[in-house]
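Working notes for the structure below.
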Amino acid sequence: MNHSILLAAALIAGSAALGGCASSGQPQQTTYVNPSDTAAAYGTIDSIQVVQAKSGTSGAGAVTGGLVGALLGNQVGSGSGRTAATVAGAVGGAVVGNKVEENRNQPREQYQISVRMDNGDYRIVNQDSVYDLRAGDRVRLVDGRLYRY
């Protein structure tokens with residue numbers, strides 16, 4: 001009995017640790033604009049492209065599925081058969097839980113806007129909408145978003 005509790009605790013801790021290692025799959029966008037350099041905040045749109053932004057998994061589905069699978073597997077058999085069922089339930093539950101979370105996070109459209117800044121730099125800004133922005137428009141970059149001016 002004590003062995004089963006120890007094994008279940010180890011599985012839960014392992015699932016939580018692996019779930020924390022999961023990444024979102026989306027590239028991080030970092031833009032630095034020097035506040036004293038006002039030319040860096042203004043530019044002209046070169047092009048706008050629609051791209052599919054894939055939503056990744058956070059690992060919460062795998063952890064939850066692993067826990068539920070381990071609990072259900074622990075209800076089957078006795079002795080070493082129960083241990084094997086617990087492990088199999090945890091692994092199977094983690095796989096199913098991750099797949100369920102992945103299916104819920106469907107890809108979405110995002111706009112990739114290429115901007116030629118007034119200081120000569122080129123920037124690519126990803127936004128969820130473009131509102132009234134068109135190629136050739138003068139724009140201002142504020143907090144990672146483009147606005148027409």
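- Comment: Arg145 engages Asp128 in a salt bridge, judged by a side-chain N to carboxylate O separation of less than 4.0 angstrom.
- Using a 4.5 Å heavy-atom cutoff, the side chains of Gln127 and Leu133 are in contact.
- Remark: side-chain polar atoms of Glu109 are not paired, donor with acceptor, to backbone N or O of Val50 under 3.5 angstrom.
- More than 12 non-hydrogen atoms from other residues, nucleotides or ligands lie less than 6.0 angstrom from CG of Asp132.
- The same ILVMFWY cluster, assembled from side-chain heavy atoms under 4.5 Å apart, contains both Ile45 and Val130.
- The two residues Glu101 and Ser58 come nearest to each other via the heavy atoms OE2-OG, 2.7 Å.
- Thr86 contributes atom OG1, which lies 4.0 Å from atom CG of Asn74 (distance to the nearest 0.5 angstrom).
- Val68 and Val63 are not part of a single hydrophobic cluster, where members link through side-chain heavy atoms under 4.5 Å apart.
- When the options Leu141, Val139, Ile48 are evaluated for a side chain to side chain contact (heavy atoms under 4.5 Å, CB included) with Ile113, the one that passes is Ile48.
- Residues Gly73 and Ala85 approach most closely at O-CB, 3.2 Å, considering heavy atoms.
- When the side-chain contact (heavy atoms from CB on, under 4.5 Å) test is applied to Thr44, the partners found at least two apart in sequence or on another chain are Arg116, Arg138.
- For Ser78, the side-chain contact (heavy atoms from CB on, under 4.5 Å) criterion is met by no residue, not counting sequence neighbours.
- The minimum heavy-atom distance between Asp46 and Ala135, with the atom names listed, is O-CB, 3.8 Å.
- For the ring-ring contact (aromatic ring centres under 6.0 Å, His included) test, residues two or more places apart in sequence or in another chain that qualify with Tyr149 are Tyr42.
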